[in-house]
Amino acid sequence: MGNEQIRRDAIAAATAWSMSNTPGSSPQIRVDDEFGADCFSLPEMKERLPKQTLRALLATIERGTPLDEDVADLVASAMKSWAVENGATHFTHWFHPLTGSTAEKHDGLFDPDEKGGVIAQLSGSNLVQGEPDASSFPSGGLRPTFEARGYTAWDATSPAFLVRGANSVTLCIPTAFVSWTGEALDKKTPLLRSMDALSEQALRVLRFFGSDAGVSRVHSTMGCEQEYFLVDRNFFNARPDLMLCDRTVFGRVPPKGQELSDHYFGAIPARVLAFMAEVEHELYRIGVPVKTRHNEVAPGQYEIAPIFEQANVASDHQMVLMETLKRVAPRFGLAAILHEKPFAGVNGSGKHTNWSLSTNTGVNLLDPRDETHTNMQFMVFLCAVIRAVHLHGDLLRSAIASAGNDHRLGANEAPPAIISIFLGDMLTDLIEQLEKGTPTRTLKGGQMDLGALTLPQLPRDSGDRNRTSPFAFTGNKFEFRAVGSAMTAAWPVTVMNTIIAESIGEIADELEASAGKSPTPAKTQAAVRTVLKKVVKQHKAIIFNGDNYAQAWHDEADERGLPNLRESADAIPVLNSRSKVALFKKLKILTKQEVESRTTIFLEKYVMQIQIEVGTMLELARASILPAARLEQQRVAEAIAAAESVGVESTGERESLDELVGLIARFKAAIAELADANEGFPDDPKKAAEHVRDRVKSRMDDLRELGDELEGVVSADLWPLPTYRDMLFIK
């Protein structure tokens, strides 16, 4: 199919959706389905489980009490009955291997009953434990290929859910994934361990202040703002680079991009809105609390965001959300692209990860309250975050390192690779007061008079927001803006939990030692002032409220001693440094072997992703772009010959032909240079990543620049790939 036909089909599809979805018939959320109908949530449990069984299960969920075998059998039976009543025929232990995606192996719920029929069965042992093959998943050396045994373990804190296919329903049971040796082979197990460590240390602070009444656990909570692109599926299928790499390795930026800011928060196109409504419907049914949808900055870019949940549940829901975007898009003739930088020249996509701390009684420990200068408990948690990010900013950068995210970080659309904290005016003022002594005031925002009688008086926040900061305080939470859109948020949140748990523990040690065994209120307050003053002095260098894009900040950050790890090849190995290994080991999040394996896996994935892009790039260059350029050269040469044969002067055309011939020659040379750089990769993953950094990426950039230049001179009817103009603007 030629490009023009592909373009006509895409226009026809978009037009059909626009015409069929008039205001009177626009897609609506189907209210006949109960929210969470496909989720085995608390209401379902209350209805189906005996009270004693429910209490035992809730004790496991809320306090980590071991689950009795008899209780597991009763829960499994109730879950099976609910699933079968909703059409399920199979179940799966659904987990997050170190591929960065999800995995599932389906087993039938029905067995022969020896009477010529079948009976639905799900035992407690089948609910609690599964045994998938562990040899084919990345293990970074933890498991040799010939040793295959692995286990999945039920995460009772994350509700089971149903996935509906065209003619199937599958019960999905969220699980952890470990090897026969007990070592974590997934991203959930370390996350759950980090949540335990964080809770243990946070409870110490609450006990110190005497505010632990009724509190048995502190949860890390998370909410992710997922950005993504939508393109017509006709274009997607005609772009090998999008199909194989999830990004375009060639593509000329159109005359109009995002300069006018007219797409951002604009009216949502009819076909896109229909897609969004269907995605939300599916997510609502399985209990994913999505809240926000809107156009993002770049043309063809959108965002969906849920409300806060417990971090491990939010992580599961985030993975389901990404899978749902991908699965639903084809129903509307679209393809959802989650890559951090699918299109050059316009904004890439992130997954702004909002993080906070909450007690099991519902108190947000990062809520500063009205008179924040009197809320010293909040100041302890705030200073713990400041200390953690200052000491381990390099580890946070490592946690969001990937080949895709390297295209985005620091590109005047996302935070730079330098990790710093934005606190805003009010908290910065309190920190400065704390360094000098005792805070005595809290800055107030006041009211805004908008100057029109019909408009309300608006309350003004005590500080502005900073969209350039990688780690920003935003009212009652921190927003880690540097997380990439294609990533699972589980690993960055595991790292946040770990470093902050360590800092809370260190501060708690000092508070307890300073206040003594029988602290009075006066001793408690004196201890807090002394310890936090020291923390602020030592770690205030991480606080920056200005423009993170400015070169002046990069220079200043260097003077402050803040690391600037621009490339993933430099950032990923930080994970395996001696101090980071000791940190994870101290808090029992990861063993030395588990840290080493992850470092290897992340480096290997980085290298393999680049190699796939290089292979795709070379194939497109040789088999698509170069033939089109030669046809253009032939066409121009024939036109010149025809003109000169009848005596028409063709000096200008000959100059254009010479330029085209020279451009093609440079393009061929760039192909050869990239192919040469793509050979001889070292076996060691770290050295292979450095090879990518030092030899491969710059040659990819050179070849792309020349290919995009050719797109600007080759006739549109000869150009072999759908263009940015079509992909970004036909909706």
Side-chain angles (χ1 to χ4, degrees), residues 96-103 136-140 187 228-229 236 239-251 319 322 326 335-344 348-351 397-411 414 417 482-492 565-575 597-621 674-675 677-701 703-704:
H96 305 192
L98 291 168
T99 57
S101 56
T102 62
S136 296
F137 290 106
S139 72
K187 296 194 175 181
Y228 61 97
F229 280 82
F236 182 86
R239 292 281 317 209
D241 47 1
L242 282 180
M243 294 180 69
L244 298 178
C245 311
D246 227 25
R247 83 174 183 99
T248 55
V249 295
F250 290 105
M319 298 305 291
M322 291 195 291
K326 288 277 194 179
I337 302 172
L338 301 178
H339 192 281
E340 287 81 9
K341 193 74 172 180
F343 300 102
S349 297
K351 191 197 306 283
R397 169 66 181 96
S398 175
I400 46 91
S402 73
N405 217 18
D406 278 358
H407 290 288
R408 170 179 164 266
L409 293 180
V483 180
S485 54
M487 297 176 174
T488 165
W491 177 238
L565 303 171
R566 295 180 178 87
E567 299 275 354
S568 287
D570 302 315
I572 294 173
V574 167
L575 173 60
S597 72
R598 278 155 179 75
T599 307
T600 298
I601 290 167
F602 296 158
L603 286 169
E604 287 177 343
K605 182 177 180 180
Y606 168 77
V607 172
M608 284 188 286
Q609 190 168 339
I610 296 293
Q611 287 179 320
I612 291 168
E613 291 181 359
V614 170
T616 304
M617 197 172 200
L618 290 173
E619 186 176 286
L620 283 175
L674 178 57
N678 200 41
E679 299 292 335
F681 272 81
D683 293 331
D684 178 77
K686 185 174 184 295
K687 291 180 179 177
E690 291 169 350
H691 180 86
V692 166
R693 178 197 65 198
D694 298 336
R695 295 203 61 212
V696 176
K697 291 181 72 174
S698 62
R699 287 166 175 81
M700 291 176 72
D701 293 340
L703 181 58
R704 175 170 192 147

Crowding at CZ, R566 (>12 non-hydrogen neighbours, <6.0 Å): no
Nearest-0.5 Å distance that lies between atom CG in L703 and atom OG in S698: 11.5 Å
With sequence neighbours excluded, residues passing ring-ring contact (aromatic ring centres under 6.0 Å, His included) with H339: none
Polar side-chain atom of K605 near backbone of T99 as donor-acceptor pair, under 3.5 Å: yes
Which atom of S597 lies closest to which atom of S139, heavy atoms considered: CB-O, 3.1 Å
Donor-acceptor contact below 3.5 Å, side chain H691 vs main chain A677: yes
Pairwise distance CG(D246) to CD1(I612) - rounded to 0.5 angstrom: 11.5 Å
Euclidean distance, D406 CG relative to D570 CG, rounded to 0.5 Å: 9.0 Å
Heavy-atom pair with the smallest gap, counting every atom of S349 and S485: O-OG, 3.1 Å
Main-chain N/O of G100 paired with T488 side-chain donor or acceptor, under 3.5 Å: no
Flag, side chain of R699 to backbone of R695, donor-acceptor distance under 3.5 Å: yes
P573 backbone acceptor or donor facing T599 side chain under 3.5 Å: no
Atom pair CD (E690) and NZ (K687), whose distance is rounded to the nearest 0.5 Å: 8.5 Å
Heavy-atom closest pair, residues I572 and Y606: CD1-CB, 4.2 Å
N/O donor-acceptor pair under 3.5 Å between K351 side chain and A486 backbone: no
CD on E613 to OG1 on T248, rounded to 0.5 Å: 10.0 Å
Heavy-atom check, side chain of D241 versus side chain of M617, under 4.5 Å: no
Sidechain-backbone polar pair: N405 side chain, A482 backbone, donor-acceptor under 3.5 Å: yes
Point-to-point distance, once rounded to the nearest 0.5 Å, from CZ of R239 to CZ of F250: 9.5 Å
